[in-house]
Visitor: 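Quick one: the structure is below, and I'll ask about it shortly.
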Amino acid sequence: MFFLKTQHFNKRSIINGLVLSILLSSFIYLDYFNISFKLLDTILALASVFLLLKYSKSDLFFTGFFVGIFWFWWFINSLQYYDLNYLAPLIILGLGIFYGLSFLILGIFKNIYFKAILISLFLFYAPFGFDWLKLDLIFINSYLNSSKLSFILVLIGFLILFENRLKSFRIIAILPFILALSFSQSFLKNENQHTVLAKNDFPKIYMSQFYINQDLRWQKENFKKINRLVLDEIYKAIDKKYDLIVLPETIFTFVLSDYKSLFEELKILSNDIDIIAGSIYKENNSYYNASYFFSKENVQIAKKVVLVPFGEEIPLPKFMQDFINKLFYGGASDLAKANFPTDFLVKDTKFRNAICYEGTNDKIYEDLNGVGNMIMISNNAWFTPSIEPILQHLLLKYYSNKYNINIFHIVNGSENRVYKR
């Protein structure tokens, strides 16, 4: 009899968890299918917060289990390039269990006020430095402000509604909901044009668009063909009188500064147009994911500041780093990283440099000192086709809004976008 009750309880918790995980993931998939309906996004987001407060810890475990999979299943797409496809089931299961346990902690207290405090703290949760699971991101396409403060205000609104002692004063619950509203996020525009024309003295930026499959990019026999495509884009931008051309992350998959003939050609071309190109940079026997900025035959290197956990670095003790790198990556070492972000000056306008993942991390936005524009380069070919470009896109909307900054996102493998203040 006890077994049957437990079995029924588990089944109910699985269903509850699945329902809430769908609500928490809906904004990603609605955007993926180009379904734009702010009222729907708002209702689904509010329902998500309501159920987070109401659900038991077993319900929340299964919520986290499915959320981890729905948000991050695309991790496994990159395994094929390391011949590690056999790890896919383990990674999917691991994601589910890891985030399941993370969400379970939210329900360890039955007291709804303690639960609300834990949910608020979860907004700052970034395991291994990976902070793409932001609960406040669920408001990004809604009428609510996508910020931690707004999320906490929504929690407070529901707490007032749940409090029986305030039954006669529940009308005041509308106040925190009103304070959480935002209609200003409409300024965040997606521009899918091949080029971006600016006004006045702002640099005229040519955003190159590439769709080169990841399995082709690292093959040496394709280097010349890709280099030719890149040079053709540069000449096209020069002919059209652009001030700057931006090329995606690691568009050159080798150490560009060691490829002397191409390096010198880019320097010469920079007399006619400024060039930002992603490539590998080597310094003191360390390798960096970097942006090369060519201008009037001068070259500035911007080394990546925030590395991808378990992609570009293993955020574990040294002996575990060495073990994992030897077991799965043929003994390769982690990439090195810079201590501070780099800014480029184009026609007297400063641009903060960001390379893929770091553009979705608070660290790259530190010490902006009035810099109002960012050039971010990415290579999404590792994960396409998947929802990864959409999740990245939503995060960039979030950060553009948070830091009041224009972001020019140039990508290989998915569409370029501009996020305007």
Side-chain angles (χ1 to χ4, degrees), residues 195-196 198 201-210 226-227 230-231 233-238 240-283 286-307 335-359 364-379 405-412 416 418:
T195 56
V196 175
D201 295 328
F202 195 86
K204 191 177 175 185
I205 303 172
Y206 185 95
M207 300 173 63
S208 63
Q209 181 74 76
F210 288 88
I226 293 172
N227 294 350
V230 170
L231 291 171
E233 285 289 280
I234 295 173
Y235 285 118
K236 191 185 300 182
I238 291 172
K240 293 183 178 181
K241 309 298 183 184
Y242 281 83
D243 300 306
L244 169 69
I245 179 171
V246 186
L247 302 155
E249 176 190 15
T250 58
I251 189 65
F252 303 114
T253 54
F254 40 80
V255 178
L256 179 56
S257 52
D258 287 349
Y259 206 113
K260 297 301 181 184
S261 60
L262 177 61
F263 189 74
E264 291 301 318
E265 185 171 3
L266 291 171
K267 284 176 66 176
I268 292 169
L269 287 171
S270 72
N271 286 308
D272 299 314
I273 189 170
D274 286 351
I275 302 166
I276 294 177
S279 186
I280 306 301
Y281 179 69
K282 183 180 179 182
E283 183 179 63
S286 294
Y287 291 89
Y288 298 84
N289 189 350
S291 297
Y292 286 67
F293 177 46
F294 298 85
S295 181
K296 301 297 183 285
E297 297 197 37
N298 294 311
V299 184
Q300 183 181 357
I301 307 297
K303 295 172 282 191
K304 196 171 184 180
V305 176
V306 186
L307 301 182
L335 289 177
K337 59 185 175 182
N339 294 320
F340 306 102
T342 300
D343 297 331
F344 295 136
L345 188 65
V346 183
K347 281 191 68 178
D348 297 324
T349 299
K350 275 189 178 182
F351 292 85
R352 174 60 51 90
N353 175 75
I355 303 174
C356 202
Y357 174 71
E358 66 181 357
I364 202 67
Y365 297 91
E366 293 176 356
D367 301 319
L368 283 170
N369 295 323
V371 176
N373 301 283
M374 173 179 284
I375 286 177
M376 175 175 161
I377 58 175
S378 296
N379 173 35
I405 189 170
N406 299 322
I407 302 175
F408 297 80
H409 188 206
I410 296 85
V411 197
N412 174 56
N416 296 334
V418 179

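Throughout, numbering of the chain's residues begins at 1 and tracks the sequence.
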Visitor: Step by step, work out the side-chain contact (heavy atoms from CB on, under 4.5 Å) result for Ile407 and Val418.
Guide: CA-CA 6 Å; Ile407 302 175; Val418 179; over 6 Å; no
Visitor: Is it the case that over 12 heavy atoms from other parts of the model lie below 6.0 angstrom from the OH atom of Tyr365?
Guide: yes
Visitor: With a 3.5 Å distance limit and no angle check, can you tell me whether Asn289 reaches the backbone of Ile355 through a side-chain donor-acceptor pair?
Guide: no
Visitor: Can you confirm if the aromatic rings of Phe263 and Phe294 lie within a centre distance of less than 6.0 Å?
Guide: yes
Visitor: Using the six-membered ring wherever Trp is involved, compare the ring planes of Phe202 and Phe408 and label them parallel, tilted or perpendicular (cut-offs 30° and 60°).
Guide: parallel
Visitor: Describe, in one word, how the ring planes of Tyr292 and Tyr281 are oriented to each other, choosing from parallel (under 30°), tilted (30 to 60°) and perpendicular (over 60°).
Guide: perpendicular
Visitor: Test side-chain contact (heavy atoms from CB on, under 4.5 Å) on Leu262 and Phe252 and set out the steps.
Guide: CA-CA 10 Å; Leu262 177 61; Phe252 303 114; 3.5 Å; yes
Visitor: Going by atom types alone, do Glu249 and Asn412 pair a side-chain donor with an acceptor below 3.5 Å?
Guide: no
Visitor: Treating Ser286 as the side-chain partner and Ala336 as the backbone partner, does any N or O pair qualify as donor plus acceptor under 3.5 Å?
Guide: no
Visitor: Report yes if the side chains of Thr253 and Ile226 come closer than 4.5 Å at any heavy-atom pair, otherwise no.
Guide: no
Visitor: Asn379 and Val411: side-chain contact (heavy atoms from CB on, under 4.5 Å), yes or no, with the steps?
Guide: CA-CA 6 Å; Asn379 173 35; Val411 197; over 6 Å; no
Visitor: Met374 and side-chain contact (heavy atoms from CB on, under 4.5 Å): which partner among Asn406, Ile405, Leu368, Asp343?
Guide: Ile405
Visitor: For a side-chain contact (heavy atoms from CB on, under 4.5 Å) check, start with the C-alpha distance between Lys303 and Lys337, then their side-chain angles and the critical distance, and finish with the verdict.
Guide: CA-CA 6 Å; Lys303 295 172 282 191; Lys337 59 185 175 182; over 6 Å; no
Visitor: Less than 3.5 Å apart, any donor N or O on the side chain of Asn353 or Ser291 sitting next to an acceptor on the other?
Guide: yes
Visitor: Any side-chain heavy-atom pair from Phe340 and Val305 closer than 4.5 angstrom?
Guide: no
Visitor: With side chains defined as the heavy atoms from C-beta onward, is the minimum distance between Phe344 and Gln300 less than 4.5 Å?
Guide: yes
Visitor: Is it true that Tyr259 and Phe254 have ring centroids separated by less than 6.0 Å?
Guide: yes
Visitor: When you measure from the side chain of Arg352 to the backbone of Asn373, do you find a donor-acceptor pair of N or O atoms at a distance under 3.5 Å?
Guide: no
Visitor: Decide if atom NZ of Lys241 counts as having more than 12 heavy atoms of other residues, nucleotides or ligands within a radius under 6.0 Å.
Guide: no
